[in-house]
Amino acid sequence: MYKAAFANYQNNKNLLVFKNFYNLMKPRVMSLVVFTALVGLLISNVKVDFLSSSLALFFVALGAGAAGALNMWYDSEIDAVMSRTCLRPIPLGKISSKQALYFGISLSLISIWGLYIFSNILSAGILAITIGFYIFIYTIWLKRRSVQNIVIGGAAGAFPPVIGWSIANNNLSIEPIVLFLIIFFWTPSHFWSLSLYKSADYKKAKIPMLPVVSGVDFTKKNIFAYSLILFPITILPFYFKFAGFVYLIPTILLGSFYIFLTFKLLTTNNKRYTEILSKKIFAFSILYLFLIFALLLTESFIKFLI
């Protein structure tokens, strides 16, 4: 009886440790990375066998998780003072900073090596650049120093579809560049809408997000401007003929609605309504990006059937 109880306790403890390390990898971000990489892989005309592509995407996921873990390691002090991040594993004391550092470095090396072995040196190299860019350029350099942290740092989140394409093709072309641009120009309005209703958090953590440095009105103008810039960029897959009307029509509708939301945000002077709208824009922006890539995937599936 005591042995069974101890074994059960040990299993629960091991499960909790696994869960803490898993949360260190930012699983929600990781899932979006894998999805956009999958789209980059599947819109290619090159067929990759299921096992090889699955293993390659697994190592892409590990790379994304490694970047998340290293980000939490470096940001542990500011995470502790922000309401949005204070329940992460390191601020809660569930994982030490040293454990997170070693875990992140180990995952980085394993993911890059694994992608090289099961795919090619180009995709492994882009994954290494992505991890390095996210940690050294965004997390360590830009995040605490520049109001352009999200704009420039957004490049790290835009690389996954390029990695997916290179897994299948072992080269680069206009298609992955377009996918990169979509995510790159989507990122600022997405994160600035978050920073609008979390500006007190960023101010407390001394992070120079746009609302903290330049004010709410200037942030609204930039969110609206980037929604306008994003709109024609989302049309580029149709222009370059790797997507058709199944993609184009819903994308125009989605983009128009996104511009409508950001325009409403721009024109309101009500503080409470600003907060409500910024939350709505942040939530819709995630759906917007997901649906754009899902539509590209649908187009690819239709071409496959034809």
Side-chain angles (χ1 to χ4, degrees), residues 18-19 21-44 46-72 88 103-104 106-120 122-135 138-139 153-170 172 175-184 186-187 190-191 237 283 285-301 304:
F18 173 81
K19 185 180 178 182
F21 276 100
Y22 178 69
N23 288 335
L24 197 68
M25 297 166 69
K26 296 188 176 181
R28 282 186 295 181
V29 175
M30 191 166 58
S31 62
L32 187 60
V33 166
V34 172
F35 177 66
T36 55
L38 174 67
V39 173
L41 191 155
L42 291 180
I43 67 168
S44 165
V46 178
K47 293 182 180 179
V48 183
D49 67 89
F50 179 77
L51 180 61
S52 296
S53 57
S54 297
L55 286 169
L57 289 172
F58 170 74
F59 286 110
V60 171
L62 284 190
L70 290 170
N71 172 266
M72 286 201 196
R88 286 177 172 176
F103 181 66
S106 300
L107 279 189
S108 297
L109 296 174
I110 292 168
S111 63
I112 295 165
W113 173 83
L115 196 56
Y116 169 68
I117 295 298
F118 291 100
S119 184
N120 54 66
L122 177 61
S123 57
I126 299 172
L127 179 61
I129 290 169
T130 304
I131 296 170
F133 193 96
Y134 186 66
I135 300 307
Y138 170 67
T139 303
F159 277 119
V162 182
I163 299 172
W165 175 274
S166 66
I167 288 169
N169 291 269
N170 198 17
L172 296 177
E175 292 91 341
I177 293 172
V178 167
L179 300 188
F180 176 94
L181 291 174
I182 289 173
I183 299 176
F184 182 78
W186 164 87
T187 301
H190 167 70
F191 274 103
S285 66
I286 297 170
L287 179 64
Y288 182 24
L289 185 69
F290 171 78
L291 289 176
I292 284 173
F293 277 79
L295 287 165
L296 286 169
L297 207 55
T298 303
E299 286 273 15
S300 178
F301 183 67
F304 174 77

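Sequence positions, counted from 1, serve as the residue numbers for this chain. Because the structure is a prediction, the values reported are computed rather than measured.
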statement: Output for pair (Phe59 CZ, Tyr116 OH), nearest 0.5 Å, gives 14.0 Å
- request: Find out whether Ile131 and Ser111 are in side-chain contact, i.e. whether some heavy atom of one side chain is under 4.5 Å from a heavy atom of the other.
  value: yes
query: Do Leu179 and Phe293 come close enough that some side-chain heavy atom pair is under 4.5 Å?
result: yes
statement: For Asn71 and Ile135 the tightest heavy-atom approach is N-CD1, 3.7 Å
field: Test item: Ser123 side-chain N/O and Asn120 main-chain N/O as donor-acceptor pair under 3.5 Å
entry: yes
Tyr134 side chain near Leu70 side chain, heavy-atom distance below 4.5 Å: no
field: Check: Met25 and Leu62 side chains under 4.5 Å, non-hydrogen atoms
entry: yes
query: What class does the angle between the rings of Phe159 and Phe133 fall in, given that below 30° is parallel, 30 to 60° is tilted and above 60° is perpendicular?
result: perpendicular
query: Side chains of Thr187 and Phe191: closer than 4.5 Å at any heavy-atom pair?
result: yes
message: What I'd like to find out is whether the side chain of Leu172 reaches to under 4.5 Å of the side chain of Ile177, using heavy atoms alone.
response: no
- prompt: Can you tell if the side chain of Lys19 reaches within under 4.5 Å of the side chain of Asn23, non-hydrogen atoms only?
  reply: yes
task: Taking the side chain as every heavy atom from C-beta outward, state whether Thr36 and Pro161 have any atom pair closer than 4.5 Å.
output: yes
message: If I take atom CG from residue Leu42 and atom OG1 from residue Thr298, how far apart are they, to the nearest 0.5 angstrom?
response: 11.0 Å
message: Can you tell me which residue among Val162, Val60, Leu115, Ile112 is in a side-chain contact (heavy atoms from CB on, under 4.5 Å) with Ile126?
response: Val162
